[in-house]
2 protein chains.
Amino acid sequence: MLDDLDERIVHALAGDARRTYADIGQSVGLSAPAVKRRVDRLRETGAITGFTVRVDPAALGWQTEGVIELYCRPHTSPEAIRRGLERYPEIVSASTVTGDADAIVQVFAADMRHFEQVLERIAGEQFVERTKSTLILSPLLRRVTATPPA
Amino acid sequence: MLDDLDERIVHALAGDARRTYADIGQSVGLSAPAVKRRVDRLRETGAITGFTVRVDPAALGWQTEGVIELYCRPHTSPEAIRRGLERYPEIVSASTVTGDADAIVQVFAADMRHFEQVLERIAGEQFVERTKSTLILSPLLRRVTATPPA
DNA sequence: AATGAAATATGGACATC
DNA sequence: GATGTCCATATTTCATT
């Protein structure tokens, strides 16, 4: 598992993934090479899966965000759902869930008309029986990772 | 708005935010300084809000993920919800929504016991009337940003 | 894990289209 | 107005201790 230094390095990278290793090292009390070794190890072990950019959906033209719950036909496998959904560029995340629905899908669209089109296309998939959609009004919090409980 | 080159630069950074400007330039057909200038401009205009690390929640010790729908007391403002939720380190995102619930909250917990504790604490907040929670079974897709419709 | 050296990337200044 | 080239500086990366 991760020790305290690893936690702090991940936290520093979560805040700004382009900070230099020397800079991070100063925050956590290590030299730049020592930080790099730990980051390399975190990548090897899979704790860190990559580095990415944080974008403002609205600034990129995505004005409408929503969550679509999928009720699938009996005996639809998670893999079948994944294959069916992966060609939608508007889908940002999808997961199978407990409860009434089988999966929840997070969608970004340019506007309401676009959202409706995506919804109708998804609802028309062979494995989808019905959908229930919810629109995001305004984001309150957005973080990269949960922080340690204590 | 963003032109085609900007889109491709953002896409390249979404895939790996630590790629060098020279490397990105080769992909999109620009020199390194030209790429940097565009990235600087994208940050200034707010299209890019930062760079971050992509982590594997499970590898970091978060085995249990869930979504909690919040039904709030009448006249609870979005800002009050935000203030109430921001001190929970287990909360990764929260948004106000249309539909029956007032907000949806995405939570990572170490295990089921931990998730239950977080749920009970959130349900005990003054502004929360009741909650409805759903557990994530398995993630099917996870992306940084929607890609252009065409 | 730190140090120091070599390779590489960044980020200006300036000229060009 | 945006891009390319050049160059000084800063950073990464690797060998050594």
Side-chain angles (χ1 to χ4, degrees), chain A residues 1-63 89 110 143-145 147-148 150, chain B residues 1-61 143-150:
Chain A
M1 193 79 347
L2 278 65
D3 67 14
D4 185 55
L5 282 169
D6 290 329
E7 298 276 14
R8 290 165 67 192
I9 290 171
V10 169
H11 194 76
L13 287 170
D16 179 3
R18 286 187 80 99
R19 277 181 73 183
T20 66
Y21 292 137
D23 196 26
I24 296 169
Q26 278 212 323
S27 306
V28 305
L30 285 178
S31 69
V35 174
K36 183 195 184 302
R37 273 194 297 272
R38 279 174 178 264
V39 172
D40 286 345
R41 189 168 55 75
L42 288 167
R43 297 193 70 160
E44 277 167 21
T45 60
I48 290 178
T49 58
F51 299 97
T52 191
V53 66
R54 204 157 34 201
V55 299
D56 176 5
L60 287 172
W62 308 116
Q63 304 273 354
R143 296 184 188 134
V144 176
T145 174
T147 48
Chain B
M1 192 80 344
L2 279 65
D3 67 14
D4 185 55
L5 281 170
D6 290 329
E7 298 276 17
R8 291 165 67 191
I9 290 171
V10 170
H11 194 75
L13 287 170
D16 179 4
R18 285 186 81 100
R19 279 181 72 182
T20 67
Y21 294 135
D23 197 25
I24 296 169
Q26 278 212 324
S27 305
V28 304
L30 287 178
S31 68
V35 174
K36 182 195 184 304
R37 278 191 290 262
R38 280 174 176 264
V39 171
D40 287 344
R41 188 167 56 75
L42 288 167
R43 298 193 70 160
E44 276 167 23
T45 60
I48 290 177
T49 58
F51 299 97
T52 191
V53 64
R54 203 155 38 198
V55 300
D56 177 4
L60 287 172
R143 296 184 188 134
V144 176
T145 175
T147 48

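It should be emphasised that the depicted structure is a prediction, and the values quoted were computed from it without experimental measurement. What you see below is based on every heavy atom in this structure, not just the backbone, and it leaves out hydrogens, waters and symmetry mates. Sequence lines set the chain letters: A, B, ... in the order given, protein chains first and strands last, and positions in each chain run from 1.
Residues A:Thr52 and B:Asp16 have side chains not in contact (no heavy-atom distance under 4.5 Å, counting atoms from C-beta outward). The shortest side-chain heavy-atom distance between B:Leu60 and B:Asp56 does not fall under the 4.5 Å cut-off.
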DNA chain C in dot-bracket, Watson-Crick or G-U pairs under 3.5 Å, [ ] crossing, | other strand? |||||||||||||||||
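Closest of all the heavy-atom pairs between A:Ala59 and B:Ala47 is CB-CA, 3.5 Å. Across all their heavy atoms, A:Val53 and B:Val10 have their closest contact at CG1-O, 4.0 Å. Smallest separation of non-hydrogen atoms from B:Val55 and A:Thr49: N-OG1, 4.0 Å.
Checking the phosphate oxygens (OP1, OP2) of C:dG11, a side-chain nitrogen or oxygen of B:Lys36 falls inside 4.0 Å.
Here B:Arg38 lies in heavy-atom contact (under 4.0 Å) with sugar-phosphate atoms only. Within 4.0 Å of B:Arg41, counting heavy atoms only, lies no atom of the nucleic acid at all.
DNA chain C is contacted by both A:Gly29 and B:Pro33; A:Gly29 maps to the nucleotide lying nearer its 5′ end (nearest heavy atom per residue). Checking A:Arg19 against B:Arg37, the closest nucleotide of DNA chain D that is more toward the 5' end is the one next to B:Arg37.
In this structure, the separation between CZ on B:Arg8 and CG on B:Leu2 is 13.5 Å, given to the nearest 0.5 Å.
Rounded to whole angstrom, the span from the CG atom of A:Leu30 across to the C1' atom of C:dT3 amounts to 15 Å. Rounded to an integer number of Å, the gap from CZ of A:Arg18 to C1' of C:dG11 is 12 Å. A:Tyr21 places its OH atom 14 Å from the C1' atom of C:dT8, with the value rounded to the nearest Å.
A search for side-chain hydrogen bond (donor to acceptor under 3.5 Å, both in side chains) contacts involving B:Asp3 returns B:Arg38, not counting sequence neighbours.
A nucleotide of DNA chain D counts as in contact with chain B when one of its atoms lies under 4.0 Å from a heavy atom; the first and last such, 5' to 3', are D:dT3 to D:dT12.
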Steps toward side-chain contact (heavy atoms from CB on, under 4.5 Å) verdict (B:Leu13, B:Ile24): CA-CA 8 Å; B:Leu13 287 170; B:Ile24 296 169; 3.6 Å; yes
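Seen from the ring of A:Phe51, A:Arg19 does not count as a face-on cation partner, given the 6.0 Å and 45° thresholds.
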